Amino acid sequence: MSNSENTPGKDFIRAIVAEDLASQKHGGRVVTRFPPEPNGYLHIGHAKSICLNFGVASENTGGICYLRFDDTNPAAEESEFVESIKNDVRWLGFDWGESEHYTSSYFAQLYEYALQLIRAGKSYVCDLSSEEHTAHRGSLSEPGRNSPFRDRSVEENLELVERMRKGEFENGSRVLRAKIDMASPVIAMRDPILYRIHKAPHHRTGSEWCVYPMYDFAHCLSDSIEGITHSLCTLEFTDHRPLYDWVLDELATECHPQQIEFARLNLSYTVMSKRVLRQLVEGEHVTGWDDPRMPTLSGMRRRGYPAEAIRSFCDGIGIAKRDNIIQLERLEFSVREDLNRTAPRVMGVLRPLRVVIENYPEGESEMLPSVNNPEDASAGTRDVPFSRVLYIERGDFLEDPPKKFFRLAPGREVRLRYAYFVTCTDVVKDANGEVVELRCSYDPATRGGDAPDGRKVKGTLHWVSAEHAVTAEVRLYDRLFRVEDPLDVDPGEDFRSNLNPDSLEVLTDCRIEPSVVGAEPGTRYQFERNGYFCVDPDSGDTLVFDRTATLRDSWGKVKKRG
RNA sequence: UGGGGCGUCGCCAAAUGGUAAGGCAGCGGCCUUUGGAGCCGCCAUCUGCAGGUUCGAGUCCUGCCGCCCCAACCA
């Protein structure tokens with residue numbers, strides 16, 4: 001207590017692991033696992049679990065974390081998903097080495113365990129239909145009733161389960177159940193189903209099996225087979241812990257891992273449910289699982305979120321048992337924190353406004369040295385071309401500027417970053433009164449951006465040289481949903497009514513300084529004063545950038561307040 | 001209304017009976033060739049509520065209140 005003044009306590013799971021290590025509870029070992037079901041893409045919520053499981057293992061000498069595909073339901077699972085999951089975990093920065101496991105690898109062993117349970121009189125084949133089964137289960141406040149098949153002999157059960165395995169019965173006609181207690185207040189303990197018949201090809205075992213183990217039977221035993229010490233899962237499995245322990249106890253397994261539950265991650269303005277994510281994809285509300293607006297790891301990767309930022313986010317939010325909704329701003333903070341350190345600066349004009357420097361010689365240009373990253377001296381400098389005709393950001397000019405507007409206005413002098421002081425001398429408008437061009441003069445003595453006479457300007461603008469800049473497409477993203485909790489809807493509505501219609505804005509006439517030419521997809525930049533951007537894989541002859549995040553905008557706040 | 005889990009600042013989250021860490025957000029200020037970054041300061045007399053035990057309670061006890069999860073042959 002007294003020595004914790006400056007050392008924040010570790011989370012309760014790490015505390016338990018540390019205690020167990022100290023007491024030699026698991027022989028001084030730490031073995032965890034990340035057990036995704038390959039039925040969808042990984043999202044930021046999975047990242048929390050990945051960081052926890054791999055983190056706990058790596059923090060302890062000799063600790064191991066396995067990647068295990070929990071593939072017991074051929075109806076939902078595909079190898080496409082195992083590939084994407086492996087790719088995402090690797091990208092996040094974790095290495096499972098040789099330890100790529102599949103529950104399906106244990107099918108034979110699991111089936112033997114089932115037989116063992118039957119022989120012990122702890123399991124039986126039940127012929128109730130799905131509807132009858134539900135009716136027998138009782139309700140939250142009423143106990144269930146025993147199945148009429150509950151007292152079949154061991155021999156009969158053995159014969160029946162074998163015939164189930166051989167495919168003699170139809171889907172749904174019979175199941176194997178644990179014989180526990182139909183009156184248990186814990187519904188998961190009311191003779192739960194252990195195996196069901198499902199005649200469908202499995203992505204790894206093909207048609208070898210037509211009976212598949214349920215989660216409650218397969219998971220604990222897979223953990224045990226692998227020698228897991230701490231089986232970390234989310235809160236909704238708390239009710240299943242008695243069953244987890246029951247199976248391992250009845251089977252008297254050598255290894256009995258400890259299940260520990262923690263609260264899953266929720267993010268404001270986003271949804272983490274795989275079902276909803278799939279609907280977003282299939283309903284074409286987004287362009288795919290890797291749409292940069294998706295909370296999937298592939299979406300975030302494409303958007304330009306660094307793996308390091310996601311890890312530091314996950315480490316920063318902590319592990320606890322209380323339900324939580326992390327504000328999206330917290331994630332953006334981690335992204336900016338990382339990108340500020342690592343992203344090279346570049347100048348890019350999103351909404352160009354033509355500027356002619358009238359006293360700059362026609363047909364000439366010069367290269368101006370510019371700092372690549374003020375946070376990282378080793379990033380060096382680059383030369384940016386300057387000439388008579390430039391583009392600046394439309395929003396950086398106002399004919400009638402309000403107070404505290406530090407940018408360009410008629411008669412006002414500002415600095416063009418790393419270039420010169422310029423003064424707006426004239427405004428050219430089209431027939432509609434729209435400003436189409438600015439005429440400016442520059443002060444040759446301010447080359448580089450400092451005035452020898454010491455005069456100051458309040459504003460510094462980014463710019464590009466019209467003849468040297470490249471035209472690019474920029475995709476501006478905003479939150480996918482308009483409300484903090486997208487699943488909170490009026491009766492008759494669903495999450496779709498909460499979709500943000502302005503979550504994507506495409507700008508096709510952006511001008512970027514030439515140093516970005518040839519940048520590979522995935523390359524990240526900070527467009528000075530605009531935000532962080534990442535080269536999208538859609539890039540071809542013309543570059544396409546995704547906006548990863550805006551810069552913090554204190555002017556925006558001032559403006560909002562009025 | 002059976003069982004389980006959880007209530008500490010707007011959002012996270014420490015504190016394991018010794019007098020409420022830290023982060024994000026927010027708000028002031030400094031600095032600045034990004035209105036970025038950085039730096040400094042402010043931000044819970046108080047831990048869902050009410051009692052009780054104790055020299056001392058966020059931590060222990062009792063009783064309330066509130067939120068979440070469980071009735072897929074999903075995981």
Side-chain angles (χ1 to χ4, degrees), chain A residues 1-2 4-11 15 35-37 39 70 72-73 75-76 126 128-130 133-134 137-144 171-177 183-190 193-198 212 214-216 218-219 233-242 261 263 268 274-275 316-334 336-337 340-341 345 347 370-371 374-375 404-407 415-419 448-450 456-462 526-531 550-559:
Chain A
M1 181 76 209
S2 52
S4 65
E5 203 62 49
N6 298 309
T7 53
K10 47 184 127 199
D11 61 70
E37 181 189 14
N39 69 343
D70 210 353
T72 58
N73 181 11
C126 178
L128 252 25
S129 71
S130 177
H133 186 171
T134 301
R137 188 157 32 222
S139 71
L140 293 181
S141 50
E142 298 160 318
N171 287 352
S173 59
R174 285 181 166 83
V175 293
L176 182 71
R177 292 229 248 168
S184 172
V186 178
I187 291 177
M189 295 295 270
R190 317 241 259 229
I193 295 174
L194 268 21
Y195 268 90
R196 77 285 209 183
I197 301 170
H198 192 82
Y212 291 93
M214 299 288 288
Y215 167 87
D216 286 310
H219 202 90
C233 64
T234 42
L235 252 26
E236 65 271 26
F237 292 101
T238 306
D239 287 347
H240 293 245
R241 182 158 23 95
E261 311 85 16
S268 65
K274 271 193 208 173
R275 178 185 58 84
I317 55 175
I319 300 291
K321 294 190 83 147
R322 71 183 79 99
D323 290 333
N324 62 84
I325 301 176
I326 309 286
Q327 295 175 332
L328 203 51
E329 292 83 346
R330 181 62 185 75
L331 211 209
E332 290 183 333
F333 164 79
S334 293
R336 290 194 185 103
E337 184 186 45
N340 176 51
R341 284 194 337 257
R345 272 57 167 175
M347 289 193 284
S370 306
V371 174
E375 305 296 317
K404 292 200 218 159
F405 181 81
F406 304 149
R407 287 110 99 144
R415 170 169 38 234
L416 295 182
R417 183 146 229 235
Y418 300 129
D450 278 309
K456 301 286 185 200
V457 289
K458 196 74 173 141
T460 300
L461 310 187
H462 60 282
Q526 182 196 106
F527 290 179
E528 295 218 21
R529 302 208 308 133
N530 263 325
T550 60
L551 255 26
R552 286 187 66 227
D553 179 15
S554 48
W555 165 240
K557 279 177 201 160
V558 173
K559 209 166 45 170

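Residue numbering restarts at 1 for every chain, and letters A, B, ... go by the order of the sequence lines. Computed from a predicted structure; not experimentally measured.
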Quick one: does Arg330(A)'s side chain have a donor or acceptor within less than 3.5 Å of a partner on Ile317(A)'s backbone?
no
Ignoring hydrogens, what is the shortest heavy-atom contact between Glu261(A) and Thr238(A)? Give both atom names and the distance.
CG-OG1, 3.3 Å
Minimum heavy-atom separation for Arg345(A) and Pro374(A), please, with both atom names.
NE-CD, 3.7 Å
Looking at the side chain of Arg529(A), which of G35(B), G36(B), A13(B) is the nearest nucleotide?
G35(B)
Out of A71(B), C69(B), G36(B), whichever nucleotide has its closest atom nearest the side chain of Ser139(A)
A71(B)
What is the nucleic acid contact for Arg407(A), judged by heavy atoms within less than 4.0 Å: base, sugar-phosphate only, or nothing?
base
Scan Phe527(A) against the nucleic acid and name what it touches under 4.0 Å (heavy atoms): base, sugar-phosphate only, or nothing.
nothing
Does a nitrogen or oxygen in the side chain of Ser141(A) sit under 4.0 Å from OP1 or OP2 of G3(B)?
no
Between protein and nucleotides 72-75 of chain B, what N or O pairs are separated by less than 3.5 Å?
from: A72(B); atom 1: OP2; to: Arg137(A); atom 2: NH2; distance (Å): 3.0
from: C73(B); atom 1: OP2; to: Arg137(A); atom 2: NH1; distance (Å): 3.1
from: C73(B); atom 1: N3; to: Gly172(A); atom 2: O; distance (Å): 3.3
from: C73(B); atom 1: N4; to: Leu128(A); atom 2: O; distance (Å): 3.2
from: C73(B); atom 1: N4; to: Ser130(A); atom 2: N; distance (Å): 3.2
from: C73(B); atom 1: N4; to: Gly172(A); atom 2: O; distance (Å): 2.8
from: C74(B); atom 1: OP2; to: Arg196(A); atom 2: NE; distance (Å): 3.1
from: C74(B); atom 1: OP2; to: Arg196(A); atom 2: NH2; distance (Å): 2.9
from: C74(B); atom 1: O3'; to: Arg196(A); atom 2: NH2; distance (Å): 3.3
from: C74(B); atom 1: O2'; to: Asn73(A); atom 2: ND2; distance (Å): 3.1
from: A75(B); atom 1: OP1; to: Thr72(A); atom 2: OG1; distance (Å): 2.5
from: A75(B); atom 1: OP1; to: Arg196(A); atom 2: NH2; distance (Å): 3.1
from: A75(B); atom 1: OP2; to: Tyr215(A); atom 2: N; distance (Å): 3.0
from: A75(B); atom 1: O3'; to: Asp70(A); atom 2: OD2; distance (Å): 2.8
from: A75(B); atom 1: N6; to: His240(A); atom 2: NE2; distance (Å): 3.4

Distance-only polar pair, side chains of Ser139(A) and Glu142(A), donor-acceptor under 3.5 Å
yes
Kindly say whether Tyr215(A) contributes a backbone atom to a donor-acceptor pair with the side chain of Thr72(A) at under 3.5 angstrom?
no
When all nucleic acid strands are considered with a 4.0 Å heavy-atom cut-off, which category describes Ile325(A): base, sugar-phosphate, or nothing?
sugar-phosphate
Under 4.0 Å, counting only non-hydrogen atoms across every strand here, what does Lys404(A) touch: a base, just sugar-phosphate, or nothing?
base
Any strand is fair game: report the nucleotide pairing with U59(B) by Watson-Crick or G-U wobble, both distances under 3.5 Å, or none.
none
Arg322(A) side chain N/O closer than 4.0 Å to the phosphate oxygens (OP1, OP2) of A13(B)?
yes
Shortest non-hydrogen contact between Ala75(A) and His198(A), atoms and distance
CB-NE2, 3.7 Å
Okay, side chain of Arg177(A), backbone of Tyr195(A): is any donor-acceptor separation there less than 3.5 Å?
no
When every non-hydrogen atom of Glu375(A) is compared with those of Arg341(A), the smallest separation belongs to CB-CA, 4.4 Å
For Glu261(A), report the nucleic acid contact type (base, sugar-phosphate, nothing); a contact means any heavy atom under 4.0 Å.
nothing
Using the side-chain hydrogen bond (donor to acceptor under 3.5 Å, both in side chains) criterion, which residues pair with Asp239(A)? Sequence neighbours excluded.
none
Pairwise P distance for G5(B) and U62(B), with rounding to whole Å
15 Å
What is the distance from CG of Leu551(A) to P of A37(B), rounded to the nearest Å?
7 Å
Selection from C68(B), C70(B), U16(B) that lies nearest to any side-chain heavy atom of Ala15(A):
U16(B)
So if I take every side-chain heavy atom of Ile187(A) and compare against G3(B), G36(B), A71(B), which nucleotide ends up nearest?
A71(B)
Pick out the pairs of N or O atoms, protein on one side and nucleotides 22-26 of chain B on the other, that lie under 3.5 Å.
from: G26(B); atom 1: OP1; to: Lys557(A); atom 2: NZ; distance (Å): 2.8

Identify whether any heavy atom of Ile326(A) sits under 4.0 Å from a base atom; if not, whether one sits that close to sugar-phosphate; answer base, sugar-phosphate or nothing.
sugar-phosphate
Any sub-3.5 Å donor-acceptor pair from Arg336(A)'s side-chain atoms to Thr550(A)'s backbone N or O?
yes
Using heavy-atom distances to pick each residue's nearest nucleotide on RNA chain B, tell me which of Phe406(A) and Glu142(A) is more 5'.
Glu142(A)
Counting the atoms with a prime plus P, OP1 and OP2 as sugar-phosphate, which does Arg345(A) contact under 4.0 Å by heavy atoms, base, sugar-phosphate, or nothing?
base
Can you tell me which nucleotide in C12(B), G35(B), A37(B) comes closest to the side chain of Asn324(A)?
C12(B)
Interatomic distance, Lys458(A) NZ vs U32(B) P [rounded to whole Å]:
10 Å
